[in-house]
Amino acid sequence: MLAYIVRRVWQMVPTLFGVMLLLFVLFNWVGGDPSYILAGKNLSAEALAGIRQQLGLDLPLPQQFLIFVRQVLTLDFGTSWSTQQPVSALLHSRIGPSLLLTGSILLLGTVLAIGIAALVAYLRGSVTDRLVTLIATCAMSVSALVYIIAGQYWLAFKGGWFPIMGWSDSTLDNLLHYLPLPLLLGVIVGLAPDIRFYRSCFVEELGHDYVRTARAKGLSEPVIMLKHVLRNAMIPVVTSLMMSLPYLMMGAMLLETFFGIPGMGKEVVMAVERSDFPVIKAITIYIALATMLFNLLTDIVYKLIDPRVQLH
Amino acid sequence: MKPHALLATLAALVLLPAQAADMNKVLRVALNAPETGFDPAKVSDLYSSTVTENIFDPLVTYDYLARPAKLIPNTVSALPTISADGKVYTFRLKPGIHFAADPAFKGKKRELTAADYAYSIKRHLDPSIHSPWSFLVDGRFVGGNELVKAAGKGALNYDAPLEGIKVLDRYTLQLTLTATNFNYLPILAMPAFGAVAREVIEANRDNTNAHPVGTGPYLLKEWKPGSRIVLEANPGFRKLVFNATPGNDPVDKAVVQALQGKTLPQVGRIEISVIEEEQPLWLSFLNRQLDVSGIPQAALQSALVIDPKNPLKVRLAEQYARQGIQLQRQLLPEVTFHFFNMQDPVVGGDSKDKIALRRAIAMSFPVSEAIASIRRGQAVPMNYIVPPGVAGHNPAFRGAPKYDPAAANALLDRFGYRVGADGYRTRPDGKPLAIELACGTSSTDKQWNEYWQKTFDTLKIRLGFRQGKWNELSKANHQGKLQMWGMAWGADYPDGENFMQLLYGRNAGDSNAADFKNADYDRLFEASLKLPHGAERSQLYDAMNKIVVAQQPWIFGDIRMRSTLAHSYVKGLKLHPLLNTSWRYLDLQK
């Protein structure tokens, strides 16, 4: 196991280098020139050249890439080009609200989706199963934006059950007042596709011979579902969950924008709009690192769930 | 109301700190887009300036009530004396004004002096700062160019004597311009020219955007970039008592009734949220989570009752009027226009066929129809380079051509743009005629594009769209790769020069996005710089507008109307064409 982990970590190096190269090429190709934003109304050639020099954009591209490599090695991405704030401080202030929102959505959404999926899989072919499948299919065809706009209008404005938007420095205040509505809407948006996916995992497992054997042995249906089927169905579920974990850092751009949550989603959009390369670099590299680490973790969890899995 | 009927003055009765603001009064407002920071020499976006305006004090400011906008002393005891040749401005500061407390002052009270303004103005010259406002100071002060040249690409030597920016004594500042300019004072009223303290800047050299320390009514309490800004009343702010005599304007009367004799500011805390989406902004206002707000485009129809015959004649919808919500409106001091790249081989140049092509396109664009549809009627067509409310505007001038697609087609026929077998026109030399219009990617851009497509279809000219982010398109334009693009220019200061320079030849490749170079226009512009605002300068402006009408480097667009709402308990609100906010004048009486 240790040798496997060391080998996988070692393989991350060329992958990360590839990510950096791709990001660097993309930014220089289509990322836009930030000097035109920073110059304001003063678009003289001298002003633009001065800004490019200050940002290091006048350096040869290999030299700029080496600076990028150094930043990744030290995880110090300098300061934002647009606000001049340290990138680390910006991301530090943004990551908390994002994780609170997306983490809550993932947790609640997963519990609900697995529960409902297991139930309808157990009742497969029944009216309940068909109804849930039909509702889930319809719900999936509606844009997330519609849920957010309608939810904010009806539940917060018309119903008055939630604040329209806002965020506080107090986690408790956020949990009690500002988080519930975006959490609810985030869960609703993700619930339908999750139910369908998890249902198919459970249904597939329910058709296996070991389930018939368990029934023949006289095991109760709850025991079959919870002890046998659930465990075996967890492999694709865990894969899906683990793959989504790195993106928790990215936040939920629409929810953050509509509900005034100062998270990473808003920061990503701002950075792209302003061609703020230090912020884009930092977020991309952190997401890439997290993705690779969670991939590794997923493999290790496979082994824990199913001892038959061999890690090579 | 006649402008002179109103004499509104803010009297600094005693220059002693007198905290009058009630810290329990919290004003909640929103910005429509993220700010970038609060160093006056580094930021130029409207949203950042909205905040810096309340933290820093320029030498002069605007009377809150007077219209048209009128300059009044701010930290100076009187408006400056200006030499007869319009080159030397001398300011006398009021003693006893202090900066907000900061660790850089080591526990001592720090008085505002003439040296602070000298330092603050010089920062815009500093090559290491890259001030977005440097175009307002470059080459303007005697000795300035030499000092900048000596700095090279490094920091300016602030201690070197500079004849153009001279501190005569602790409270006296003398600015000497390189050329006659009677209209420089409005530039010094901009938030960018507010006074900063050198110690604070040097102590926070790496992050001046996050450490704004000024002498203004508010100080920065909290900043979460792109999300939330909190200002609190500056406890050391000088005593400033509102004292004005209203004219007949009911808004003025209400302001005076609410504020007369009160010490400013009244509101102790201002919470500013960045809300970019229209729905949360609008619902937050209706739900009283915001006290003051604009009206989002999508809500205009429900919020206002618009007279179909005169869309500018509006009243608040009954449901909101019943709640006592206040509506205030004003034309923005701005112009929107589409320009042609005058160096482009297809649409540029001053030959008659090229002028005819540009004229035909201008004649075929339905400005009024687009205003009615896209702006919901909340704009007026632009007819003069200088917009209303800005010194030099001529309301009688009609610069936009009459909408007449038939005449436009006839004009193209006459100048050899023939319709080919494919139904589209060719150039006079027989080559294919296709024009590319640069545009943004928003839904509003797409609405405008529909009108442009219709315009070009009417003229039987092929049209392509080049979509991109603003900085990408701006770069392409600098490289001469665009043919047409739309822009807006808001007044930095209320003088016509700020707009007329947009077509000055020496600004080509800079603020002159059209790359328009016309010797007659340039000569008239240079002559106008030497004149104060008045009939003589207006004649020159008229002549320059005629040149633009004749050459058609621009298609005149529109001037937008701003509508602002405030809840009934917000007192003292009056929109100002140049001040970004009214916060220091507001009171909350819930």
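Note that this is a predicted model, so its numbers are computed, not measured. We name chains A, B, ... by the order of the sequence lines, and we start the count at 1 in each one.
Most heavy-atom pairs under 4.5 Å with chain B: of the set A:Tyr153, A:Trp167, A:Phe157, this distinction falls to A:Phe157. Interface summary for chain B: among A:Gly260, A:Gly160, A:Ala89, A:Gly50, the most heavy-atom pairs under 4.5 angstrom belong to A:Gly50. When B:Gln279, B:Glu472, B:Lys224 are compared by the number of non-hydrogen pairs under 4.5 Å with chain A, B:Gln279 comes out ahead. Residue with the most contacts toward chain B among A:Asp33, A:Ile261, A:Val30, A:Leu38: A:Asp33 (heavy-atom pairs, distance under 4.5 Å). No other option in B:Ala210, B:Ser128, B:Pro132 has as many heavy-atom pairs under 4.5 Å with chain A as B:Pro132. Residue with the most contacts toward chain B among A:Thr79, A:Ile149, A:Leu48: A:Ile149 (heavy-atom pairs, distance under 4.5 Å).
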*Assess whether side chain to side chain contact (heavy atoms under 4.5 Å, CB included) is satisfied between A:Glu46 and B:Ser134, documenting all intermediate values.*
CA-CA 11 Å; A:Glu46 301 79 41; B:Ser134 63; over 6 Å; no
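The distance from atom CD of A:Gln54 to atom NZ of B:Lys153, rounded to the nearest 0.5 Å, is 12.5 Å. Between atom CD1 of residue A:Ile37 and atom NZ of residue B:Lys469 there is a gap of 6.0 Å, rounded to the nearest 0.5 Å. Residue A:Thr83 holds its OG1 atom at 8.0 Å from CG of B:Asn207, rounded to the nearest 0.5 Å. The distance from atom CG of A:Asp169 to atom CZ of B:Arg228, rounded to the nearest 0.5 Å, is 6.5 Å. Between A:Phe259 atom CZ and B:Glu277 atom CD the span is 11.0 Å, to the nearest 0.5 Å. Atom OG of B:Ser227 is separated from atom CD of A:Glu267 by 10.0 Å, given to the nearest 0.5 angstrom.
For A:Pro163, the parts lying near chain B are the backbone and the side chain together; criterion is any non-hydrogen pair under 4.5 Å. For A:Lys41, the parts sitting under 4.5 Å from any heavy atom of chain B are the backbone and the side chain alike. Neither the backbone nor the side chain of B:Asp45 comes within contact range of chain A; no heavy atoms are under 4.5 Å apart. Within the 4.5 angstrom heavy-atom criterion, no atom of A:Glu256 approaches chain B. Proximity to chain A (any heavy atom under 4.5 Å) is restricted, for B:Ser131, to the backbone atoms N, CA, C and O. Interface remark: A:Leu90 contributes side-chain atoms only to the contact with chain B (heavy atom separation under 4.5 Å). Neither the backbone nor the side chain of A:Ser93 comes within less than 4.5 Å of any heavy atom of chain B. The part of B:Trp223 that comes within reach of chain A is its side chain, from C-beta onward, which places non-hydrogen atoms under 4.5 angstrom from that chain. Contact annotation for A:Met165: both backbone and side-chain heavy atoms come within less than 4.5 Å of a heavy atom of chain B. In this structure, chain A has a heavy atom under 4.5 Å from the backbone of B:Glu35, while its side chain stays farther away. Both the backbone and the side chain of B:Lys475 come within less than 4.5 Å of a heavy atom in chain A.
In this structure, B:Asn209 and A:Gln85 approach most closely via the heavy-atom pair CB-NE2, 3.8 Å. Taking both residues in full, the closest heavy atoms of A:Ala156 and B:Asn287 are given as O-ND2, 4.5 Å, listed atom of the first, atom of the second, then distance. When every heavy atom of A:Ser275 is checked against every heavy atom of B:Asn471, the shortest pair comes out as OG-ND2, 3.0 Å.
Looking at heavy atoms from C-beta onward, B:Pro34 lies out of side-chain contact with A:Glu273 at the 4.5 angstrom threshold. Annotation: side chain of B:His478 is in contact with side chain of A:Tyr36 (closest heavy-atom distance under 4.5 Å). A:Gln152 places a side-chain heavy atom less than 4.5 Å from the side chain of B:Leu283. Using a 4.5 Å cut-off on side-chain heavy atoms (C-beta onward), B:Thr36 and A:Arg274 make contact.
In this structure, the side chain of A:Gln84 does not engage the main chain of B:Gly37 through any donor-acceptor pair within 3.5 Å.
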